[in-house]
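Single-structure report; data block below.
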Amino acid sequence: MSNLRELLTSTADRVADYRESLAERRVAPVADLERLRAELGGPLPAKGADAGTVLDELAVAVEPALMSSAGPRFFGFVVGGSLDAALGADVLTSGWDQMAFNGASSPAAALVEEIAGAWLKESLGLPADASFGIVTGTQAGSTVGLAAARHRVLERAGWDVERRGLHGAPRIRVIAGEERHATIDRSLRLLGIGADALESVPTGPNGAVDPDALAAAIEVGSGEPTIVIVQAGNVNTGAFDDLVAACEAAHRRGAWVHVDGAFGLWAAASPAFEHLVAGREAADSWVVDGHKWLNLPYDAGFVFCADPQAHAASMSHTAAAYLVGQGEGSIRAPSDFVPEASRRARGFVTWAALRELGGDGLAGLVERCCALARRFAERLEAIDGVTIANDVLLNQVLVGFGNDERTESVIERIQREGTCWMGGTTWHGRRLMRISVSNWTTTEADVDRSVEAIRRVLASGS
Ligand SMILES: *Cc1c(COP(=O)(O)O)cnc(C)c1O
C-alpha cells in the first residue's frame, strides 16, 4: 500500500510542474504513439501494482504525448484552459467523490450547484426563474434543451411524448441555420426527431442566419409543432444570429427557440459585447459550455430552460414530473434536469471559477480574448499573401494563405513547428486556418510570438 498523502502530494507536484511548463512547451506533441502503446498496452497484467508506481508509469508514458491545449498558445477548437481555482476544485471534487444525484446523495453538491446555476443565469442575463442542468458539454446540453422543446411542442399538439414516444406522433419541424454546429444534428438523431426534420436556412456573409429567410421559413408553417434553433457564436466566425428577430418570428407561431451559445453566450457577461446577444432572454432554452470560455476543466456545459416544467418532464429521474426538483428538504435535485443519474459534482468547479473571476473578471476575460483576436487579425493581415476571411467581432479569426492547397500546407507546418496550434476549417467553400482565443492565460506576447512563428513558416517556403 502506498501512502495516500505522499501519493497526492507528488501528484499535485506533477500537475504543477506540467502547468508551469505550458508557457514554454511545444504545443503539438511529437508523440511516439507506438512507444506509448507498447508501454501502456498489451494484455491486462494479472498482478496489480502499487498506486505510486501506476501513476509514475502513466505520467511518464503520457506526458510527452499530451497536446498543450491548456496552454496560452493553443488556438484550436474554441476551448480554454482551466482557471487555477477551477483546477483546484476539480481535484477536491475527485477527492470528495460525491454523487451529485440529489440532496440526499450529497447535500453540498446539490446546494453548490444551485448557487452556481443562479450565478450563471445572472452572468449570462438569463431569466432568474429558468431551470438549469450541468451536463458534459454543449452536445449534451442541446440534447436536453431539444428534449424539453420536443415535450412542449408535442404537448401543445395533444401528444405526450414521454409516455407514448414518437411512434405515431405529429411530425416536428426543426428550423435552423445552415451553419449550425454538427452537434445539433446529432441531438436530433438521438431524440428520434431525425436529421431529415431539419430545414436549413441560408446564412449571410459572416455566417449569421438571414433573419428574413428565417422568419419566412417559420411563417410557411401552418401551426405544426416547430422548433427553431439559433446560434450565439458561429463556430467559425463568431457571428451571432439575430435573437430578437428569431424569437419574435418563432413565438408568433408558437414555436420553441433553442439557442446554441456554446462559447458565444459568454458575450453576455461583458457590457462591451452584450449587445451581440440582445434579446436572448426571450428564448426558451439555452446552452453554453464551461470548458470553453469560462475556462473550466472538461467536462462541463450548462443548459437552461425558460419552461422548467418541460425541462423536468423530459429529463426527470422519476416519471412524476410535478414532484421534480424538490429533492430532499429544500434542495433542488440536480439529476432531474440532466440525462444522468449518478454524476460528477460539476457545481464545485463552476462555483470556484465564477468566484475566482467575479463578474468583472469574467467580463475582462471575454474582452481580453476579443482584443487579442483583433491583434491577431491586424498583424496577420499585414503579412503579404495573408487574408482575414471573417469580420472579427468576437474571439474567432479565419485566415487564408492564398489557395486551399497552400492554406492546408501552411496549417500543417504551423502545427508541426510547435510554437502555437491552430486548426483548419472549410468555410464558405474555402480552406481556412481558424484561430480561437479563449484561454485565460494568453497574452499579447503569446499572440506576437505566434504571429512571428507563422511568419517564419511562411518565409521557409513551399
Ligand atoms: C463547441 C461547440 C458545440 C459542441 O460543444 P461540446 O462541448 O463539444 O459538446 C456546439 N455548438 C457550438 C457553436 C460550439 O462551438
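First listed ligand is number 1; within each ligand, the first listed atom is number 1. Being a predicted model, the structure only gives us computed values, none of them experimental. No hydrogens, no waters, no symmetry mates; every other heavy atom, side chains included, goes into these values.
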Separation of Asp241 CG from Leu276 CG (nearest 0.5 Å): 12.0 Å
Compile the protein residues with any heavy atom at a distance under 4.0 Å from an atom of ligand 1; present them by chain, then by number. Gly137, Thr138, Gln139, His181, Thr183, Gly233, Val235, Asp260, Ala262, Phe263, Asp289, His291, Lys292
So do Leu394 and Phe263 actually touch side chain to side chain, heavy atoms under 4.5 Å? yes
Verify whether the ring centers belonging to Phe304 and His311 lie closer than 6.0 Å. no
Should Arg343 and Met99 count as side-chain neighbours, where that means a heavy-atom distance under 4.5 Å? no
Paired with Met433, the side-chain contact (heavy atoms from CB on, under 4.5 Å) test is passed by just one of Val399, Thr425, Leu398, namely Val399
Parallel under 30°, tilted from 30 to 60°, perpendicular over 60°: which one fits the rings of Phe302 and Trp266? perpendicular
